[in-house]
Amino acid sequence: MGRAKKVVLAYSGGVDTSVCIPYLKHEWGVEEVIALAADLGQKEELEAVREKALKSGASESLVVDVKEVFVKDYAFSAIQANAVYENRYPLTTALARPLIAKLLVETAEKYGADAIAHGCTGKGNDQVRFDVSCAALNPNLKILAPAREWGMSREETIAYGERFGIPAPVKKSSPYSIDKNLLGCSIEAGILEDPQVEPPEEIFQMTKAIADTPDNPEYVEIGFTKGVPTSLNGEQKNPVELIAQLNFIAGNHGVGRIDMIENRLVGIKSREIYEAPAMVVLIQAHRDLESLTLTADVTHYKRGVEETYSQLIYNGLWYSPLKAALDGFIRETQQRVSGTIAVKLFKGNATVVGRRSENSLYAPDLATYGSEDQFDHKAAEGFIYIWGLPTRIWARQTRKINESSSFS
Ligand code: ARG
């Protein structure tokens with residue numbers, strides 16, 4: 001008896017996921033492997049990927065275009081939450097995982113499979129995200145992760161694949177591990193494992209080097225409706241188009257590069273380089289629009305929620321009761337977050353330079369230092385008296401204590 005009969009495998013076309021197919025069948029006694037590749041805007045030849053799965057022994061090979069759902073249901077939620085892990089990583093890889101898990105579970109249910117599988121190793125965050133998301137969506141499905149158990153080196157994996165007609169990578173494969181989708185690029189391993197080494201220019205795919213960016217700034221206007229970006233330079237855009245175009249525009253100015261040491265859920269620190277031009281600009285712009293349209297207490301409280309929300313995404317808890325509860329909070333806060341933000345892009349920087357909204361809480365008659373000022377200056381005195389009362393009493397008491405101790 002094998003570990004499972006029919007398995008739906010998250011398939012990328014790479015060596016590891018290809019080798020998973022014969023491995024599941026020959027080592028673990030799986031009868032049927034259905035390969036599933038998600039089109040998340042990674043710009044790969046997905047028809048070739050589809051065929052490769054069949055050649056590797058899959059009984060069925062599916063490619064699903066989920067770019068629009070990815071942006072609308074995952075990226076836009078993250079933007080509304082200003083979600084950045086450890087204050088820097090816009091979660092571009094992490095956001096794709098729960099969506100892939102959802103596809104795996106739906107496909108398993110449709111085809112009557114008893115397990116899902118992925119090619120993650122045992123060291124990363126992605127295995128956690130896949131396993132926990134799948135468990136949340138259908139706890140009856142088994143989860144198989146051959147690469148977590150097989151203990152083969154890179155060379156052994158390639159040799160194993162060759163026995164089953166899986167060709168070794170033609171060109172000397174890149175020393176980097178790269179995960180790419182419409183939202184961004186995550187690059188690690190190779191020389192980047194030395195945290196002292198500056199990332200070589202060759203690794204970047206979405207952003208220009210500062211030396212090659214235009215010598216004049218470019219301005220973009222981003223329109224938001226209830227916290228969701230809907231227009232670019234005055235033109236309504238569908239979600240996928242908006243992200244793709246903004247990636248290009250901001251990347252051309254070298255905006256969106258991140259080089260960081262991050263704390264993985266499994267306890268190790270790793271060095272990762274990210275490119276995420278559109279996400280970086282959109283989150284910055286969104287946060288600014290919130291400053292204009294949310295009250296002070298909601299703004300401040302939301303910052304704490306955002307921190308938790310980012311950790312939930314990073315830690316594989318997209319489908320969890322806490323995440324759902326925070327979604328309710330965030331949805332409520334976004335009702336008036338509509339307006340337009342002007343961003344200046346120049347030499348690697350994105351700077352918000354203007355904002356407007358019909359729901360603006362900025363009151364010129366109160367903010368001005370000119371003669372039109374309507375703010376009641378006299379009222380400040382009474383306010384400060386009561387606001388400072390606890391401090392005054394505390395200070396009085398401190399003096400008393402100090403005096404009596406100096407006499408004893
Ligand atoms: N560190 C990122 C995360 O945990 C990306 C992981 C994948 N990175 C890669 N280069 N393959 O979300």
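Read the numbers this way: they start at 1 and go in the same order the structure lists the ligands and their atoms.
Proximity of Glu188 to ligand 1, defined as any heavy-atom pair under 4.0 Å, is shared by backbone and side chain alike. The side chain of Glu262, and not its backbone, has at least one atom closer than 4.0 Å to an atom of ligand 1 (non-hydrogen atoms only; side chain from C-beta on). In Tyr274, the part holding a heavy atom less than 4.0 Å from any atom of ligand 1 is the side chain.
Nearest protein heavy-atom neighbour of atom 7 (C) of ligand 1: Asp126 OD2, 3.9 Å. From the protein, the heavy atom lying nearest to atom 4 (O) of ligand 1 is Asn125 ND2, 2.7 Å. Closest to atom 8 (N) of ligand 1, if we only count protein heavy atoms, is Glu272 OE2, 3.1 Å.
Between the choices Ser177, Cys185, Ser270, the shortest heavy-atom distance to atom 10 (N) of ligand 1 belongs to Ser177.
Counted by atom type alone, Thr295 and Asp297 present one or more donor-acceptor pairs between their side chains at under 3.5 Å.
A salt bridge does not link Glu290 with Lys226: none of the charged nitrogens is closer than 4.0 Å to a carboxylate oxygen. Under the 4.0 Å criterion applied to side-chain N and carboxylate O atoms, Arg331 and Asp327 are not assigned as salt-bridge partners. Under the 4.0 Å criterion applied to side-chain N and carboxylate O atoms, Asp114 and Lys6 are not assigned as salt-bridge partners.
Heavy atoms of Tyr89 come nearer than 4.0 angstrom to ligand 1 in at least one pair.
Of the options Tyr314, Tyr274, Tyr309, a ring pair (Phe, Tyr, Trp, His ring centres under 6.0 Å) to Tyr85 is made by Tyr314 and by none of the others.
Between the side chain of Ser153 and the backbone N or O of Glu156, at least one donor-acceptor pair lies under 3.5 Å.
Annotation for ligand 1: atoms under 4.0 Å from non-hydrogen atoms of Arg129 are 3 (C), 4 (O), 12 (O).
Within 6.0 Å of CD1 on Ile261 lie more than 12 heavy atoms contributed by other residues, nucleotides or ligands.
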